[in-house]
Amino acid sequence: MIFNQSKMLFQEASECLVGGVNSPVRAFNSVGGNPLFIQSGRGSTIVDVDGNEYIDYVGSYGPLILGHCHPKVVEDLKSTIELGTTFGATTKNEIKLARLVQEAFPHMEMVRFVNSGTEAILSALRLVRGITGRKKIIKFSGCYHGHCDALLVQGGSGVMTLGMSGSAGVPESTVENTISIPYNDRASIEKAFEDYGQEIAAVIIEPVAGNMGVIPPEAGFLQFIREITTQNGALFVIDEVMTGFRPGFGGAQHVYDVEPDITCLGKIIGGGLPVGAYGGKKKFMEMIAPLGPVYQAGTLSGNPLAMQAGITTLELLKQPGAYDALLKKVDRLEEGLNAISKRTGRAMQVNRFGSMICVFFSETPVRNYKDAKASDSAYFSKFFWGLLKAGVSLPPSAFEAWFVSMAHTDEDIERTLEAVEGQLRMEA
Ligand code: HOZ
């Protein structure tokens with residue numbers, strides 16, 4: 001494979017775009033080498049600017065559960081754009097998408113659309129502080145909730161990928177009210193509530209962590225958070241930006257049977273265009289302007305194109321049996337990866353939730369940020385490049401999730417497994 005065009009474009013991009021990218025993980029810092037520049041995508045496949053074709057498991061980090069350029073999404077966007085792109089006024093598509101979200105997440109009696117997962121989270125944080133009049137927020141190390149100041153503490157995803165603990169430019173006063181504790185650690189939550197109980201506005205969690213690789217919650221962990229927040233008058237915010245619509249027409253909260261006070265969504269609900277959303281019971285959401293005192297606004301919030309892409313996507317996901325074939329393919333991928341680990345003797349932990357999955361090169365199970373960081377991310381870099389050169393594109397970091405779409409074929413899965421086994425059989 002040659003990467004000349006990507007290299008040339010990266011050099012040019014590096015003169016005008018910070019780090020040559022518009023989002024850090026794409027810079028390939030974690031795996032080394034020059035990042036790919038992508039020319040196009042269709043179904044499960046992407047083609048880079050050098051004409052190299054890959055089976056794509058980045059899937060834009062989650063939105064593309066239908067795969068690239070789904071014909072119906074493209075068709076509906078073409079007819080929608082003919083009517084205009086944005087009006088600064090409400091359109092009926094915003095109602096339509098809100099209704100679809102409510103069908104999947106019934107506790108979201110009221111919804112507010114914004115333009116990214118980050119915006120949904122920072123709005124939800126302001127809301128829970130406005131509702132409770134309290135300041136402290138509990139988050140979990142390795143969870144990444146977008147780049148809002150208050151939560152850039154032991155964040156996952158790019159923060160973890162770049163080996164940072166937080167971010168410069170975030171005043172101490174902003175994070176002094178953020179308590180970051182280990183994922184899956186009940187004792188730490190209990191301690192935090194013993195120490196700060198009545199000061200805690202909310203606990204926020206990725207119900208399945210997807211930004212330190214994939215790390216599911218241990219049995220009863222989410223229910224424990226639900227109980228302790230209720231007991232202490234704190235709110236429970238579930239960040240389903242990544243997990244929303246990954247396991248089925250709903251989210252992790254349905255799989256784990258827990259109801260939060262506020263849910264944050266993004267990625268899939270925009271069908272590949274920028275959308276975020278937050279919502280919950282009416283009594284909470286009516287605190288948001290223009291009804292209540294918590295301010296939040298957005299020029300492009302609810303824009304017709306993004307709403308349409310979301311509507312088309314969710315309507316397709318709502319079809320009976322839509323997820324059956326997808327989840328069977330991920331079953332095969334998960335089973336195949338575990339079998340390869342056994343066959344090759346290469347220690348590999350396969351963590352999976354619904355249609356998101358990842359591997360950690362670790363002898364022991366990975367159940368939190370510390371375990372993830374202790375995995376062999378150096379070997380992951382070699383693994384990443386080996387698979388890329390075999391035509392399989394993974395996220396360029398050991399601390400990201402791989403995303404399987406409905407467009408991935410059985411053949412894609414088998415080719416991926418062959419590439420994995422081929423790479424693992426090479427010298428360590
Ligand atoms: N939050 C995204 C990954 N979980 C960011 C990806 C990027 O930096 O491109």
Side-chain angles (χ1 to χ4, degrees), residues 6 9-10 13-14 17-38 41 46 48 54 56-65 68 114-122 139-149 151-164 166-167 183 204-215 239-246 252 264-270 272-276 351 353-358 360 369 372-373 377 380 384 388 393-405:
S6 278
L9 284 170
F10 184 55
S14 298
L17 299 173
V18 178
V21 294
N22 282 305
S23 194
V25 179
R26 304 172 197 172
F28 277 31
N29 286 23
S30 175
V31 294
N34 281 298
L36 294 186
F37 277 61
I38 302 304
I46 50 172
D48 70 16
Y54 309 94
D56 179 29
Y57 290 98
V58 179
S60 186
Y61 295 95
L64 300 177
I65 194 164
H68 294 272
V114 290
N115 295 289
S116 68
T118 291
E119 205 181 340
I121 295 290
L122 68 85
K139 76 170 291 279
F140 296 87
S141 38
C143 283
Y144 178 73
H145 302 285
H147 61 89
C148 55
D149 280 359
L151 298 179
L152 278 179
V153 176
Q154 292 190 318
S157 184
V159 179
M160 195 167 170
T161 295
L162 298 175
M164 302 161 73
S167 169
Y183 200 77
I204 182 168
I205 194 166
E206 288 182 73
V208 173
N211 284 291
M212 47 176 155
V214 178
I215 299 185
D239 173 355
E240 298 241 33
V241 168
M242 187 180 286
T243 51
F245 300 96
R246 274 281 144 198
C264 295
L265 298 169
K267 297 186 193 270
I268 287 173
I269 66 167
L273 271 67
V275 178
N351 284 13
F353 174 71
S355 52
M356 54 197 259
I357 190 169
C358 83
F360 292 99
Y369 179 75
K373 280 174 74 74
S377 53
F380 177 85
F384 168 84
L388 195 73
S393 172
L394 301 177
S397 161
F399 310 123
E400 295 292 347
W402 311 1
F403 297 99
V404 187
S405 80

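Atoms considered below: every heavy atom in the structure, side chains included; atoms not considered: hydrogens, waters and symmetry mates. All ligand and atom numbering here is 1-based and tracks the order in the structure. Along the sequence shown, residues are numbered consecutively beginning with 1.
- By the 4.5 Å heavy-atom criterion applied to side chains, Phe37 and Phe10 are counted as neighbours.
- Numbered from 1 in the order shown, with element, the atoms of ligand 1 that lie under 4.0 Å from a heavy atom of Tyr61 read 3 (C), 6 (C), 9 (O).
- At least one side-chain heavy atom of Pro395 sits less than 4.5 Å from a side-chain heavy atom of Trp402.
- Considering both main-chain and side-chain atoms, Met242 never comes within under 3.5 Å of ligand 1 through any nitrogen or oxygen pair.
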Determine, stepwise, if the pair Val31 / Phe380 fulfils side-chain contact (heavy atoms from CB on, under 4.5 Å).
CA-CA 8 Å; Val31 294; Phe380 177 85; 4.1 Å; yes
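- Atom 8 (O) of ligand 1 has Ser23 OG, 2.6 Å as its closest protein atom, hydrogens excluded (heavy atom only).
- No more than 12 heavy atoms of other residues, nucleotides or ligands lie within 6.0 Å of NE2 in His147, so this atom counts as exposed by the packing criterion.
- Contact detail for Asp239 and Pro207: the closest heavy-atom pair is O-CD, 3.1 Å.
- Near Glu400, the atoms of ligand 1 lying under 4.0 angstrom from a non-hydrogen atom of the residue are 3 (C), 4 (N).
- Using a 4.0 Å cut-off between heavy atoms, Asn211 contacts ligand 1 through its side chain alone, with no backbone atom that close.
- Checked by distance only, ligand 1 and Ser157 come closer than 3.5 Å through their nitrogen or oxygen atoms.
- At the top of the distance list for atom 9 (O) of ligand 1, counting protein heavy atoms only, stands Arg26 NE, 2.8 Å.
- Val404 places a side-chain heavy atom less than 4.5 Å from the side chain of Tyr57.
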